[in-house]
Amino acid sequence: MCLLLSFASFNVFAQTSPRVLDDFENLAPWAAQHTDDVSATLHGVHGKSGKALRLQFDFTDRHGNPINGYATARRELPLQLPDNYELSFWIRGEAPVNTLQFKLVDASGENVWWLNRPDFTFPHEWRQIKVKKRQIEFAWGPIKDRTLRQSAAIEFVVSSGRDGGK
């Protein structure tokens, strides 16, 4: 399982205070997505402060054998990004080592930017992850100008990695 908490953004140069993009009080905008053999569900739980989103996943078949795939928590969330920005979220989990991805998807759904962390060890205590503009990379898509200026959706993805499991 993977727990995510308040998601914030702020303009680094403007020194503005953080803006909470989701406090997880209402999970209706969120959807779980997963590959065919993987199970994934979303639940509201207590967070570091306030509410959190729990992405529960299982990368094993009915016999307990590891399978490849991914589990995603996705939300439509249009963002206009300034010239310089930082996005952050809090995370904790009781899960084996897998790949953690944070994705920003454009309105077409075909262009994706990400922070990709293979062999991610989920912390048992809440830890803040800060993602600066320079850490977000173009992942794939047909767009010619790969500069991220706006996105239409965000995704938190756990992809089966070194340990799989649940």
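By convention here, the first residue in the shown sequence is residue 1. Reckoned from all heavy atoms, side chains included, excluding hydrogens, waters and symmetry mates.
- Two residues are said to be in side-chain contact when any heavy atoms from C-beta on lie closer than 4.5 Å; W30 and I154 meet this criterion.
- Every residue was checked against the side chain to side chain donor-acceptor pair (under 3.5 Å) condition with E110, not counting sequence neighbours, and none meets it.
- Distance alone, capped at 3.5 Å, is enough to place a donor-acceptor pair between the S160 side chain and the G69 backbone.
- Atoms OG1 and CZ, from T121 and R127 in turn, are 8.0 Å apart once rounded to the nearest 0.5 Å.
- Applying the side chain to side chain contact (heavy atoms under 4.5 Å, CB included) test to Q128 and every residue at least two apart in sequence or in another chain returns S88, W90, K130.
- Summarising the geometry, atom CG belonging to L55 is positioned 10.0 Å from atom NE2 belonging to H34; distances are rounded to the nearest 0.5 Å.
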Test side chain to side chain contact (heavy atoms under 4.5 Å, CB included) applied to L104 and V112, step by step: CA-CA 6 Å; L104 296 159; V112 177; over 6 Å; no
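- Using a 4.5 Å heavy-atom threshold, the side chains of L87 and F102 count as touching.
- Across all non-hydrogen atoms, the minimal contact from A32 to A40 is CB-O, 3.8 Å.
- Counting heavy atoms from C-beta outward, V157 and L100 have side chains that stay 4.5 Å or more apart.
- Two rings, from F138 and W114, have their centers 6.0 Å or more apart.
- Applying the salt bridge (charged side-chain N to carboxylate O under 4.0 Å, His left out) test to pairs two or more places apart or on separate chains, those with a residue in residues 141-159 are R74-E155, D145-R149.
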Please determine whether side chain to side chain contact (heavy atoms under 4.5 Å, CB included) holds for the pair V38 and D58, giving the CA-CA distance in whole Å, both sets of side-chain angles, and the decisive distance to 0.1 Å. CA-CA 6 Å; V38 172; D58 189 349; 5.9 Å; no
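- For the atom pair I136 CD1 and W113 CH2, the distance stands at 11.0 Å (nearest 0.5 Å).
- Aromatic ring centres of F57 and Y70: separated by at least 6.0 Å.
- For the pair I67/T60, no side-chain contact is recorded, criterion being any heavy-atom separation below 4.5 Å from C-beta on.
- Two residues are said to be in side-chain contact when any heavy atoms from C-beta on lie closer than 4.5 Å; E94 and H124 meet this criterion.
- The line from OG of S151 to NZ of K103 is 13.5 Å long, rounded to the nearest 0.5 Å.
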Take F89 and L21 through the test side chain to side chain contact (heavy atoms under 4.5 Å, CB included) and record every step on the way to the result. CA-CA 10 Å; F89 55 93; L21 300 175; over 6 Å; no
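- Listed by chain and residue number, P96, V97 satisfy the side chain to side chain contact (heavy atoms under 4.5 Å, CB included) test with D163 (two or more places apart in sequence, or in another chain).
- Note on residues 114-125: no pairs pass salt bridge (charged side-chain N to carboxylate O under 4.0 Å, His left out), not counting sequence neighbours.
- Between the CD atom of E86 and the CD atom of Q135 there is a distance of 8.0 Å, given to the nearest 0.5 Å.
- With respect to the salt-bridge test (charged N to carboxylate O, under 4.0 angstrom), the residues E25 and K51 do not qualify.
- Shortest non-hydrogen contact noted between W126 and H46 is CZ2-O, 4.3 Å.
- Residues I91 and F156 are not in side-chain contact: their nearest non-hydrogen atoms beyond the backbone lie 4.5 Å or more apart.
- Between F59 and V158 the shortest side-chain heavy-atom distance falls below 4.5 Å.
- Following chains of ILVMFWY side-chain contacts shorter than 4.5 Å, one cannot reach V105 starting from L42, and the two form parts of different hydrophobic clusters.
- Put simply, the side chain of Q56 reaches to within 4.5 Å of the side chain of H43, judged on heavy atoms.
- Scored by the salt bridge (charged side-chain N to carboxylate O under 4.0 Å, His left out) test, R75 finds D22 as partners (sequence neighbours excluded).
- Note that the CG atom of N68 and the OG atom of S159 stand 8.0 Å from one another [nearest 0.5 Å].
- A donor-acceptor pair under 3.5 Å is formed between the side chain of N111 and the backbone N or O of I143.
- The backbone N or O of D83 sits less than 3.5 Å from a side-chain atom of K133, completing a donor-acceptor pair.
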